[in-house]
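Reading through the structure tokens given below for one structure.
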Amino acid sequence: MKFMLDTLNLDQISYYQAILPLAGVTTNPSIIKKEGKIDLFHYLSEIKKVIGQADLHVQVVGETKDDIEQDAQTIIEQLGTETFIKVPVTEAGLATIKSLKKKGIRVTATAIYTEFQGYLAIAAGADYLAPYYNRMENLNINAANVIHALVEEIHRTSSKSEILAASFKNVGQVNQACRKGAQAVTLSPSVFAQAFNMPAIQQAVNDFHNDWRDTFHTENIHS
Ligand code: G3P
């Protein structure tokens with residue numbers, strides 16, 4: 001499983017870079033908005049320095065094929081050809097995905113709410129598909145089933161596409177996406193925080209520490 005961070009917050013990225021087996025950072029305009037009116041490409045360059053070889057996924061903003069392609073070109077010029085261009089699977093987006101893939105550009109097909117969008121993105125050759133887990137559940141769409149169907153389609157067609165599931169609000173949703181075969185997930189820092197914020201885990205660590213101290217009267221093995 002590849003774990004990515006769905007944030008642009010440099011402090012959070014630095015914090016979790018040190019902790020997680022981090023495979024990448026994903027962004028979209030709503031995530032960018034949380035950081036204010038930043039110098040986007042300078043900011044993203046700083047993030048690249050922090051994450052090293054991990055992947056960066058940056059979303060286009062344009063709504064027509066021409067505008068999306070120009071956005072993609074700008075992102076690549078500023079950040080390099082290794083950057084994944086996130087393109088929503090609309091009609092214009094799908095047309096652009098086909099075109100970007102012909103040029104060998106890395107593409108993450110995003111804003112996937114339906115199986116059908118996913119099938120089209122796989123056929124268009126997207127490198128990653130980003131189904132929106134929580135947003136689907138909010139619409140009473142069975143997100144786990146959608147991921148399962150897309151994983152089966154990838155196998156059936158021997159596609160190289162991978163599922164980068166997104167839009168999670170809790171670790172239960174992440175577990176479901178993993179079980180259904182998603183190869184990657186992107187989570188906001190708050191979901192990673194939730195995952196470790198379990199009293200039983202800290203209680204176990206405290207108990208081990210206290211038992212050691214009671215026995216050896218030191219705080220750790222090396223002292
Ligand atoms: O990567 C897509 C994701 O950011 C959408 O998440 O939390 O806005 O549903 P959310």
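Worth knowing before you read on, the calculation uses all heavy atoms, side chains too, and leaves out hydrogens, waters and symmetry mates. Both counts, for ligands and for their atoms, begin at 1 and track the order of listing.
Taking the side chain as every heavy atom from C-beta outward, Ile38 and Tyr43 approach each other to under 4.5 Å. Annotation: side chain of Pro21 is not in contact with side chain of Met1 (no heavy-atom distance under 4.5 Å).
The closest donor-acceptor contact from the side chain of Asn210 to the backbone of Asn206 lies under 3.5 Å. Side chain of Lys48 to main chain of Gly52: no donor-acceptor pair is present (N/O by atom type, distance under 3.5 Å, no hydrogens or angles).
Between Lys2 and Glu162 there is a salt bridge, since a side-chain N of the basic residue sits under 4.0 Å from a carboxylate O of the acidic one.
Among protein heavy atoms, the minimum distance from atom 8 (O) of ligand 1 is reached at Arg135 NH2, 2.7 Å. Counting protein heavy atoms only, atom 7 (O) of ligand 1 is closest to Lys169 NZ, 2.6 Å.
Each of the following atoms of ligand 1 lies closer than 4.0 Å to a heavy atom of Ala166: 1 (O), 2 (C). Atom numbering of ligand 1 starts at 1 in the shown order; those under 4.0 Å from a heavy atom of Asn28 are 2 (C), 3 (C), 4 (O). Ligand 1 places these atoms under 4.0 Å from at least one heavy atom of Ile31: 4 (O). The contact set between ligand 1 and Lys86, taken as ligand atoms under 4.0 Å from a residue heavy atom, comprises 1 (O).
Note on ring orientation: taking the six-membered ring where Trp is involved, the planes of Tyr132 and Tyr113 are perpendicular (angle over 60°, cut-offs 30° and 60°).
Between Asp6 and ligand 1, a contact under 3.5 Å exists for at least one N or O pair.
Within the structure, the closest approach of Asn134 to ligand 1 does not fall below 4.0 Å when heavy atoms are considered.
With 3.5 Å as the limit, one finds no donor-acceptor pair spanning the side chains of Ser188 and Asp6. Inspection of the Asn134 and Gln173 side chains reveals an N or O donor paired with an N or O acceptor under 3.5 Å.
Of the heavy atoms in Thr26, none comes closer than 4.0 Å to ligand 1. Of all the heavy atoms of Gln59, none lies under 4.0 Å from any atom of ligand 1, so neither backbone nor side chain is involved. Residue contacts with ligand 1, taken as heavy atom pairs separated by less than 4.0 Å, involve Tyr132 solely via side-chain atoms from C-beta onward.
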